[in-house]
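For reference, the structure discussed in these notes is given below.
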There are 2 protein chains.
Amino acid sequence: MPRIQPTRFVFQPVQLVRPCEIVAFRISEAVRAGDVRVGERLPSEQNLSEQLGVSRPTLREAIKLLAQAGIVRVLPGSSGGIFVTSEAIPPELCGLPLPELPMQDIAGVMEARRLIEPHVARLAAAYATPADFESMRDAVRLSEQTDLRYRKRRITEEGVQLMTIASTRFNIAVARATQNSVLVQMMEILVRRMEPVRMLAVRELPDVTLSTRTLASSLAAIESGDPELIDRATTERIGLLEAAWERATGQRLRRRPVLQRLAGADPALAASVAAPRRKPAVRKRA
Amino acid sequence: MPRIQPTRFVFQPVQLVRPCEIVAFRISEAVRAGDVRVGERLPSEQNLSEQLGVSRPTLREAIKLLAQAGIVRVLPGSSGGIFVTSEAIPPELCGLPLPELPMQDIAGVMEARRLIEPHVARLAAAYATPADFESMRDAVRLSEQTDLRYRKRRITEEGVQLMTIASTRFNIAVARATQNSVLVQMMEILVRRMEPVRMLAVRELPDVTLSTRTLASSLAAIESGDPELIDRATTERIGLLEAAWERATGQRLRRRPVLQRLAGADPALAASVAAPRRKPAVRKRA
DNA sequence: TAAAATTTGTACGTATGTATC
DNA sequence: CGATACATACGTACAAATTTT
């Protein structure tokens, strides 16, 4: 009897993450997003463990990870607690349960960002609350303050991290402004995977203030509410990263034919936005 | 002295999933996506456990879950193995580790879909391989065959599930055709969260064939490569779900004022303008 | 000065799930 | 396929530290 051949489907290995790692990640995320600031005290271990639905030992394990990474410091006693000490989260140590993505796959992240981020920004402009705008401004301020410190001297590792955090925080704030939790979730995925390129971009930027300026102009665009301005600013910001990626890898990104028309029936704008690289085979329109 | 007030930040509870649940979920995902078909045999336990990076007992536990859900059947002996018996995966039993989303939040899922799916479909049209097109056609065929069986009589629970699977499979196939793993990941998130509405829509559809027809026209649009056709077909398909949601909840979805000028950013106005199910603005072809 | 309150730190027993044989 | 051994997480309880009363 001929042997039935099994399907040759390949599964990706599952990565099992421990609860304490998830918890550490969640807290670091709150720090990154600016929900808790440096110097502030987190709720008590008791409270946190209840909020997060884990036992206190597990939470303590998570805090230990964060303390080792230098993000929090714990002090005993009645006026003690868990204090945030730094916003510069080392990307490899903060317990990120995501598999590190090779540079090649990051191209896909940027493509996805280019697809959705302009729309998210438009939605944000439509639905942002005053608090949302304040969060965005906060992120821009962080970026400004940081590159003010490195205008003269060479940027340090901490500076790179802070600039990266500012960008990330801005993106999250914009996504939150849509009042759509699914979009927030997606932006979190994108933003996290984008981190390596972001740091690379900040590090090798010809002008340190460039990142801050694009951030500020994105903010201004969203505040103005003008869709085309929003598209342009957002696209420009993404272009910065794409250029960094292309310089770093020596490869070219595929530019999709999609955005051409997205920008709003303005061929001139779309053309200026989409770099005149290889145009993917666009089917002839009948 | 005033006690230092802790930050009153609220964390969402972490959901911990067991490895065997993750594995069961992954395999069911492969079945859903059509990577393994009914009647086919999965690789051996040994092979699977190696691929997935878990121990054999863990994998067996996962298989047990799937067997209970009626998705696979395990036969002993030399010509035995793990055989796929059904593509109709009960949404609550197949061990999906996602928190069930309230109907309200699903509105956000649909908004996100409306934002990205047309673009994904366009990318798919540009980059799809023949194999990708074959996957899409397969999904449409499944939908056709299913509603052929329920043309006369009332649709059964299994029929609803099969139609839902077909829709899901089509979406995944389209996302895969972009050759962008990040977009695939996002579509998987969306599609999974959409499931409840999808089943609801299929169940209460005035005409059983309607779902299949929109699927087919989406496919045709992507095959044609015409961006505007793609937009129209995709939007129509999403509109079907949105209508189902609105009927089920008695509420109205917010329609993004993004397409029209939003200088005022007055949501009430925008909603009132967009409320009547507006046909997607069809641009005149030059 | 001392006690009380709050918060972190430590330890143990149990249960569950996984890995190895 | 079953059984044993190991790791992990939970819940609880109590001790230590520090500030407030």
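Chain identifiers are assigned alphabetically (A, B, ...) following the order of the sequence lines, protein sequences preceding nucleic acid strands; residue numbering begins at 1 within each chain.
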Quiz item: Where each residue is assigned the nucleotide of DNA chain D containing its nearest heavy atom, which of B/Glu45 and A/Pro76 is assigned the position nearer the 5′ end?
Solution: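 Closest to the 5' end, via its nearest nucleotide, is B/Glu45.
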Quiz item: Taking the nucleotide of DNA chain D with the closest heavy atom to each, which residue, A/Arg18 or B/Arg56, is nearer the 5' end?
Solution: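 Mapping each residue to its closest nucleotide by heavy atoms, the 5'-most match is B/Arg56.
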Nearest-Å distance for atom pair [atom1]/[atom2], residues [X] and [N]:
| X | N | atom1 | atom2 | answer |
| --- | --- | --- | --- | --- |
| A/Glu50 | D/dG11 | CD | P | 10 Å |
| A/Lys64 | D/dA9 | NZ | P | 12 Å |
| A/Leu65 | D/dA9 | CG | C1' | 15 Å |
| A/Leu59 | C/dT8 | CG | C1' | 12 Å |
| A/Arg73 | C/dT7 | CZ | C1' | 16 Å |
| A/Phe83 | C/dT7 | CZ | P | 11 Å |
| B/Leu75 | D/dC1 | CG | P | 11 Å |
| A/Arg60 | C/dC12 | CZ | P | 15 Å |

Self-check item: Criterion side-chain contact (heavy atoms from CB on, under 4.5 Å) on B/Arg198 and B/Val202, from CA distance to verdict
Solution: CA-CA 6 Å; B/Arg198 239 201 258 272; B/Val202 172; 5.6 Å; no
Quiz item: For C/dA19, does either OP1 or OP2 sit under 4.0 Å from a side-chain N or O belonging to B/Ser55?
Solution: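 For C/dA19, OP1/OP2 do have a side-chain N/O of B/Ser55 under 4.0 Å.
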Quiz prompt | Phosphate OP1/OP2 of C/dA19 contacted by B/Thr58 side-chain N/O (<4.0 Å) | solution =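 So the side-chain polar atoms of B/Thr58 do come within 4.0 Å of the phosphate oxygens OP1 or OP2 of C/dA19, strictly under.
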Nearest of [options] to any side-chain atom of [X]?
| X | options | value |
| --- | --- | --- |
| A/Ser78 | C/dG9, D/dT18, C/dA19 | D/dT18 |
| A/Ile82 | D/dA9, C/dG17, C/dT8 | C/dT8 |
| A/Val74 | C/dT7, D/dT18, C/dG9 | C/dG9 |

Self-check item: Exercise: do B/Asp132 and B/Ser135 side chains pair donor with acceptor under 3.5 Å
Solution: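 Absent: no donor and acceptor within the cut-off.
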Quiz prompt | A/Thr85 side chain to A/Gly70 backbone, donor-acceptor under 3.5 Å | solution =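 Flag set: sc A/Thr85 to bb A/Gly70 pair under 3.5 Å.
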Practice problem: Examine distances only and state if a side-chain atom of A/Gln51 and a backbone atom of B/Phe11 form a donor-acceptor pair shorter than 3.5 Å. | Solution: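 Looks like yes, one N/O pair under 3.5 Å.
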Quiz prompt | Lys/Arg-Asp/Glu bridge criterion (N-O < 4.0 Å) met for A/Glu134, A/Arg137 | solution =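 Counted as a salt bridge, because a side-chain N and a carboxylate O are separated by less than 4.0 Å.
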